[in-house]
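Accompanying notes for the structure given below.
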Amino acid sequence: MSFFYRNDLQKLLPLYSSKWNPHLFGQHYQEHFAPLRNKNLKILEIGVGGYEDPHSGGDSLKMWKQYFPNSMIYGMDIVDKKVLEEDRIKIFQGSQDDEIFLNKVVAETGKLDIIIDDGSHRNDHVIRTFKTLFPQLNNGGIYVVEDTHTSYIPSYENWSKFCEDDVAPHWAEYGGSLDLYDQKTMMNFFKRLVDCLSHQEFIHPEYTPNYFDKHIVGIHFYRNQVFIYKGDNTAPGNVVENNTLRPEFLKEIGINSLADLGLEFPDIDDPTNL
């Protein structure tokens, strides 16, 4: 059956049962990946599945292999899953929270075209992994984060405030928060990156663009899924140049520089350091 649906991820995903709400995820994957399907790509999925059993998991890797007939599929898992390797599927063992390991993986694979984070789902892991691997995407590449709902599941520390039991539920290790504006959650991290798209429009004369400002060209949010596109985001702004108003606009309001207005410019955080 999967052979007949190999062109349509909305139908293919449910056959592999490796994703939360495969119909919903499949719809979004089909929309974003269909134009890339027949290209020669390098695709990395973090998290092979099957938990501690070294012989279990790998369904989504096989699905990507079927959907992308000309691509190399790489997997990564903290458990040794190499027994699941096959033609066009290679698996690395290590933690997504280990920057040295991640860099070794990319040293072997070369720069990647698609990265899918379906790993630990811990907020701190997801953020650190993105900071390490997004720069390793080729321009035109897509970085996907799944299961962002863990942003809203309180961490151990938060659970201790509400629960008499000293032992938190195992799924409370994700480091989420009841606070929708908690900067430690992956959702707030990725929401912050939305501003990177418009960094050339910031009126802030002392601002220095960061890596994400210059290389994120699109972000798509869905339920429990985020797609981040990489490219060149250095085109000049509309009414702003070098983060100050263009001379013609300054002239319109009768001033020579923004300093004439006596404005106080707030600090802007650098998401590469969050």
Where Ser151 and Met186 come nearest, the two heavy atoms and their spacing: OG-CG, 3.0 Å

Side-chain donor-acceptor contact under 3.5 Å, Asn243 with His204: no

Heavy-atom side-chain proximity of Arg246 to Val240 below 4.5 angstrom: no

Note, Leu178 side chain near Tyr152 side chain (heavy atom, < 4.5 Å): no

CZ-CD1 distance between Phe25 and Ile116, expressed to the nearest 0.5 angstrom: 11.0 Å

Whether Phe134 and Tyr211 hold their rings parallel, tilted or perpendicular, with breakpoints at 30° and 60°: perpendicular

Ser71 side chain reached by Lys42 side chain, heavy atoms, under 4.5 Å: no

Between Asp232 and Thr234: side-chain donor-acceptor atoms closer than 3.5 Å: yes

Val226: which of Leu193, Val144, Thr148 passes side-chain contact (heavy atoms from CB on, under 4.5 Å): Thr148

Beyond-backbone contact of Leu197 with Ile216, side-chain heavy atoms, under 4.5 angstrom: yes

Option among Thr132, Thr129, Asp77 that satisfies the side chain to side chain donor-acceptor pair (under 3.5 Å) test with Gln96: Thr129

Worked check of side chain to side chain donor-acceptor pair (under 3.5 Å) between Asn188 and Thr185: CA-CA 5 Å; Asn188 273 287; Thr185 68; 3.1 Å; yes

Close side-chain approach of Leu44 and Ile114, heavy atoms under 4.5 Å: no

Donor-acceptor under 3.5 Å (Asn123 side chain, Thr150 main chain): yes

Check: His32 ring centre within less than 6.0 Å of Tyr229 ring centre: yes

Worked check of side-chain contact (heavy atoms from CB on, under 4.5 Å) between Phe265 and Glu206: CA-CA 9 Å; Phe265 300 99; Glu206 302 299 322; over 6 Å; no

Donor on one side chain, acceptor on other, Asp179 and Ser177, under 3.5 Å: no

Over 12 foreign heavy atoms within 6.0 Å of NZ, Lys184: no

Glu201 CD: over 12 foreign heavy atoms closer than 6.0 Å: yes

Geometric cation-pi criterion Lys65 and Tyr67, 6.0 Å radius, 45° cone: no

NZ or CZ of Arg37 within 45° of Phe68 ring axis and under 6.0 Å: no

Value rounded to 0.5 Å, distance of CD in Gln66 from CZ in Arg88: 9.5 Å

Asn242, CG atom: more than 12 neighbouring heavy atoms under 6.0 Å: no

Other residues, nucleotides, ligands: >12 heavy atoms within 6.0 Å of Glu85 CD: yes

Asn38 backbone acceptor or donor facing Asn70 side chain under 3.5 Å: yes

Pairwise distance CD1(Ile89) to NZ(Lys81) - rounded to 0.5 angstrom: 13.5 Å

Lys82 and Asp80 ion-paired at < 4.0 Å: no

Partner of Phe227 by ring pair (Phe, Tyr, Trp, His ring centres under 6.0 Å), out of Tyr29, Phe190, Phe221: Tyr29

Over 12 foreign heavy atoms within 6.0 Å of NZ, Lys111: yes

For Ile46 against Leu133, the heavy-atom pair lying closest together: CD1-CD1, 3.9 Å

Evaluation steps, ring-ring contact (aromatic ring centres under 6.0 Å, His included), between Phe33 and Trp64: CA-CA 10 Å; Phe33 288 173; Trp64 298 129; 5.7 Å; yes

Test log, rule salt bridge (charged side-chain N to carboxylate O under 4.0 Å, His left out), inputs Arg192 and Asp269: CA-CA 9 Å; Arg192 166 63 182 88; Asp269 58 21; 2.5 Å; yes

